[in-house]
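Letters A, B, ... are given to chains in the order of the sequence lines, protein chains preceding strands, and every chain is numbered from 1.
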Number of protein chains: 2
Amino acid sequence: MDALDRRIIAALRLNGRATYAELGRTVGLSASSVHERVGKLEAAGVITGYHAVVDPSTVGLGVTALVGIQPTDTAADDDVAEALGSLVEVESCYAVAGDEAFVVKVRVSTVDELERTLGRLRRIDGVARTRTTVVLSTRFEARPNNEGLDEPPEEGA
Amino acid sequence: MDALDRRIIAALRLNGRATYAELGRTVGLSASSVHERVGKLEAAGVITGYHAVVDPSTVGLGVTALVGIQPTDTAADDDVAEALGSLVEVESCYAVAGDEAFVVKVRVSTVDELERTLGRLRRIDGVARTRTTVVLSTRFEARPNNEGLDEPPEEGA
DNA sequence: AGTGAAATTTCGCGGTT
DNA sequence: AACCGCGAAATTTCACT
């Protein structure tokens with residue numbers, strides 16, 4: 001992984017549909033070289049996928065909440081995590097330090113639906129209590145933290 | 001927005017680099033129709049972008065934390081949010097209900113760097129206190145919640 | 001890493017229902 | 001309105017140097 005790879009990654013984080021030709025122009029490489037590098041980055045597990053991002057409110061998911069999951073004394077973390085994963089409303093799941101086992105991000109259509117989802121969460125075996133933080137607005141999300149890899153390409157060659 | 005649009009969106013959430021031809025085969029439409037629909041979805045702000053997802057640990061960002069931001073009495077939320085956004089380590093920022101104004105997700109290389117980042121957060125004007133939850137493992141993240149739009153295409157035509 | 005070439009895709013446009 | 005086919009330009013994706 002060199003500086004060129006990092007520049008390619010940065011560009012693909014900004015625009016996941018950038019063409020190889022376009023990326024090549026950005027970093028100063030031929031399309032086929034970019035193609036090869038990207039293939040290696042994917043194979044190495046550096047790039048794990050490409051996803052369209054959808055405005056949740058436009059698809060009827062206007063309510064977001066962060067929910068801390070307090071486990072019972074006897075809970076098996078992996079089983080709880082799996083059960084959390086089986087709920088489509090649970091978008092992300094982090095195992096955390098502290099007296100909560102997990103923090104999950106939940107996305108639903110209405111507060112009514114949020115209430116129902118919290119019920120489902122509490123009914124999971126191994127879940128003792130939930131602590132819900134309602135999101136009022138998402139200021140920014142999943143922002144690419146491009147560790148200073150945004151210098152323009154060289155020209156002299 | 002009809003069922004076809006939702007199917008296209010679902011497919012693009014799974015694979016943001018799917019070609020229009022491929023999407024057309026998936027949903028049973030011509031490439032040009034898909035092209036037109038996707039263009040409209042983008043223009044309507046339903047699809048807000050396409051991003052490559054990178055395994056953070058492979059790019060030296062192995063430490064994740066969720067940080068609650070307690071504001072001072074006189075804090076201006078928008079100013080605080082903007083200041084949070086100026087830190088590259090802050091990947092997401094949610095304004096929340098409760099006695100914390102924001103919850104942010106922070107991604108850094110080491111716990112040392114986390115400590116420095118928390119210092120930067122506390123030094124922001126309008127920030128009274130921070131409450132940090134260290135992420136031990138990410139079980140899943142940014143999972144596409146495809147509201148049951150995954151039926152296969154029809155064949156009889 | 002680059003070149004070259006064939007297969008594929010993009011994307012605007014006209015025509016159809 | 002939405003869909004499709006057409007076709008030129010661009011891109012992808014190889015094998016090869």
Side-chain angles (χ1 to χ4, degrees), chain A residues 1-55 58-60 144 146-147 149-157, chain B residues 1-55 58-59 144 146-157:
Chain A
M1 260 250 287
D2 60 8
L4 251 17
D5 282 331
R6 283 189 285 270
R7 297 254 307 282
I8 291 169
I9 290 168
L12 279 172
R13 294 239 277 174
L14 285 173
N15 176 15
R17 277 184 90 81
T19 67
Y20 297 123
E22 200 175 329
L23 293 168
R25 284 189 290 269
T26 301
V27 306
L29 236 46
S30 71
S32 46
S33 295
V34 173
H35 183 243
E36 190 178 344
R37 280 171 178 263
V38 171
K40 285 177 182 170
L41 289 169
E42 290 169 354
V46 176
I47 295 174
T48 61
Y50 305 87
H51 302 285
V53 177
V54 173
D55 180 348
T58 65
V59 293
N146 293 325
E147 295 282 277
L149 319 164
D150 27 22
E151 307 104 86
E154 309 271 322
E155 294 198 26
Chain B
M1 259 248 288
D2 60 7
L4 250 18
D5 282 331
R6 283 188 285 270
R7 297 253 307 281
I8 291 169
I9 290 169
L12 280 172
R13 293 241 274 175
L14 284 173
N15 176 14
R17 279 184 88 81
T19 67
Y20 297 124
E22 199 175 330
L23 293 168
R25 285 188 289 269
T26 302
V27 306
L29 233 47
S30 73
S32 41
S33 295
V34 173
H35 183 242
E36 192 178 343
R37 277 171 179 264
V38 171
K40 285 177 184 172
L41 289 168
E42 289 169 355
V46 176
I47 296 175
T48 60
Y50 305 87
H51 302 285
V53 176
V54 173
D55 180 348
T58 65
V59 292
N146 292 324
E147 296 281 276
L149 320 164
D150 25 22
E151 308 103 83
E154 310 269 322
E155 294 198 28

> Quick one: what's the B/S/- string for nucleotides 9-14 of chain C, heavy-atom cutoff under 4.0 Å, read 5' to 3'?
Replying inline: SSBS--

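In summary, contact between chain B and DNA chain D, defined as any nucleotide atom under 4.0 Å from a heavy atom of the protein, begins and ends at D/dA2 to D/dG5 in the 5' to 3' direction.
Contact detail for A/L23 and A/A11: the closest heavy-atom pair is CD2-CB, 3.6 Å. A pairwise comparison of heavy atoms in B/M1 and B/R6 identifies O-NH1, 3.6 Å as the closest pair. In terms of heavy-atom proximity, B/L12 sits nearest to A/R17 at CD2-NH1, 3.6 Å.
Between the side chain of B/R7 and the backbone N or O of B/G28 there is no donor-acceptor pair closer than 3.5 Å. With hydrogens and angles ignored, the 3.5 Å screen pairs a side-chain donor or acceptor of A/H51 with a backbone N or O of B/R13.
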Please list every donor-acceptor pair under 3.5 Å in which a side-chain atom of residues 35-47 of chain A meets a protein atom from a residue at least two apart or in another chain.
from	atom 1	to	atom 2	distance (Å)
A/E36	OE2	A/K40	NZ	3.3
A/R37	NH1	A/D2	OD1	2.9
A/R37	NH1	A/D2	OD2	3.3
A/R37	NH1	A/D5	OD1	3.0
A/R37	NH2	A/D2	OD2	3.2
A/E42	OE2	A/Y50	OH	2.6

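In terms of the side chain to side chain contact (heavy atoms under 4.5 Å, CB included) criterion, residue partners of B/S33 (sequence neighbours excluded) are, by chain and number, B/L29, B/S30. For A/D55, the side-chain hydrogen bond (donor to acceptor under 3.5 Å, both in side chains) criterion is met by A/S57, not counting sequence neighbours.
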If you restrict it to nitrogen or oxygen atoms, what contacts under 3.5 Å exist between nucleotides 15-17 of chain C and the protein, and what is each distance?
none

> Under a cut-off of 3.5 Å for both distances of each Watson-Crick or G-U pair, what dot-bracket string does DNA chain C give, using [ ] for crossing pairs and | for inter-strand pairs?
Replying inline: ||||||||||||||||.

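D/dA1 adopts a syn glycosidic conformation, its chi angle falling within 90° of 0.
Within the structure, the salt bridge (charged side-chain N to carboxylate O under 4.0 Å, His left out) test picks out no pair touching residues 26-35 of chain B (sequence neighbours left out).
Atom CD1 of B/I9 is separated from atom OG1 of A/T58 by 6.5 Å, given to the nearest 0.5 angstrom.
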